[in-house]
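These notes are about the structure you will find just below.
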Amino acid sequence: MSFDLQKLVRSHIADLQPYSSARDEFDTVEREIVYLDANENPFDNGVNRYPDPQQRKLKEVIARRRGVAANQLLLGNGSDEVLDLIFRAFCIPNQDKIIVMPPTYGMYKVLANINCISLDEVPLNNDFQLVIKDILNQISSQTKTIFLCSPNNPSGNSFQREDILTLLKSFTGLVVIDEAYIDFSTQKSLVFDLSSYPNLIITQTLSKAYGLAGIRLGICIASEEIIDILNKIKPPYNINSLTQERAISALKDWDTTQGQITQLIAERKGLFAQLEKVSFVEKVYPSDANFLLVQVDDANKRYAQLIENNIVVRNRSKQVGCENCLRFSVGTPRENQILIETLNRLSS
Ligand SMILES: *Cc1c(COP(=O)(O)O)cnc(C)c1O
């Protein structure tokens, strides 16, 4: 059996005639044009016109930064919209299944539930690495998509590259790799492997390293054929004009982003060393992202104490393999100092 995209896409999506917006049917920048086609208010206030439905300028900038072609990109209102589009294009409700590896990002399961897709869970091992043998055993004829998150949230580590490639080679469905934290990672993005694996879909976001969680911009990178399918079902104007403008200026200012990434990684290392010295901290897990998973003596108690001290962290202790674990995002130097001082005060 080999990979056949036409067999994976839901048949009504393959046959779908997408909505054609006014701006899809006519858009040019070369000439002075009188636009009377979209029932917009003509008085210029900067946002009175509909945004570019194909986000061409923004895609050019992202394509250059990521080293892919613009037609290998689909943009969404956050990665969550991108992930939902993948479900809706490929996963047949009440029939297809997906595989996820807990502990991991909770949205894969929620989106599976929303879309009536059942979910097989193959837990990560004690080092939070993939258990390839178990995943391969779990794959059935109903398995449409495997979701991986690397670096993984909430554990913070990256999966071994060889394991990811083994899955890509062995599975003839789609493999989605969520690279939300890739800019903090010592591992290379799978973007460079797209030409070798037609079943690979990568998602990224401007919400983390780029500091733009508020504008909601998620990125899907895949083959042109997969992107064409997702493009058919995306809402016509899903990326608003303000988001497109702000994303372009941030992507052009790589020095600022890179400086912040370097600083956050340095802060993470400092935080790691300080956390290991806190009396009730049992283990700090190695991280390739901008957060640390920390096992404490009693997660519920320490979580409540931190809230009392006006510090909000994430209690992950109910997740598989994360007993008594809290997740700390790396903050500014001042915020990290407050965290450490507070933890040390609670120790005594
Ligand atoms: C934060 C995060 C995202 C980002 O989601 P957006 O909708 O783009 O803000 C995606 N995946 C994982 C694993 C995350 O932790």
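Just so it is clear, the structure is predicted and the values come from calculations on it, not from any experiment. In each ligand, atom 1 is the first atom listed, and ligand 1 is the first ligand listed. Excluded from the calculations below are hydrogen atoms, water molecules and symmetry mates; all remaining heavy atoms, backbone and side chain alike, are included. Counting from 1, the numbers follow the sequence of the chain as shown.
Glu81 and Asn238 share a side-chain donor-acceptor pair at under 3.5 Å. Using modelled atom types and a 3.5 Å distance limit, the side chains of Ser158 and Asp288 yield a donor-acceptor pair.
Among residues two or more places apart in sequence or in another chain, the ring-ring contact (aromatic ring centres under 6.0 Å, His included) test is passed with Phe184 by none. With sequence neighbours left out, the side chain to side chain contact (heavy atoms under 4.5 Å, CB included) criterion links Gln337 to Arg334, Glu341. Remark: Tyr181 engages Phe291 in a ring-ring contact (aromatic ring centres under 6.0 Å, His included) (not counting sequence neighbours).
With a 6.0 Å radius and a threshold of 12 heavy atoms from other residues, nucleotides or ligands, Lys232 has its NZ atom above the threshold.
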For ligand 1, what N or O to protein N or O distances fall under 3.5 Å?
residue: ligand 1; atom: 5 (O); partner: Ser79; partner atom: OG; Å: 3.4
residue: ligand 1; atom: 7 (O); partner: Ser79; partner atom: N; Å: 3.0
residue: ligand 1; atom: 7 (O); partner: Asp80; partner atom: N; Å: 3.4
residue: ligand 1; atom: 7 (O); partner: Arg216; partner atom: NH2; Å: 2.6
residue: ligand 1; atom: 8 (O); partner: Ser79; partner atom: N; Å: 2.7
residue: ligand 1; atom: 8 (O); partner: Ser79; partner atom: OG; Å: 2.6
residue: ligand 1; atom: 8 (O); partner: Thr205; partner atom: OG1; Å: 2.7
residue: ligand 1; atom: 9 (O); partner: Ser207; partner atom: OG; Å: 2.7
residue: ligand 1; atom: 9 (O); partner: Arg216; partner atom: NH1; Å: 2.8
residue: ligand 1; atom: 9 (O); partner: Arg216; partner atom: NH2; Å: 3.3
residue: ligand 1; atom: 11 (N); partner: Asp178; partner atom: OD1; Å: 3.3
residue: ligand 1; atom: 11 (N); partner: Asp178; partner atom: OD2; Å: 2.7
residue: ligand 1; atom: 15 (O); partner: Asn153; partner atom: ND2; Å: 2.8
residue: ligand 1; atom: 15 (O); partner: Tyr181; partner atom: OH; Å: 2.7
residue: ligand 1; atom: 15 (O); partner: Lys208; partner atom: NZ; Å: 3.3

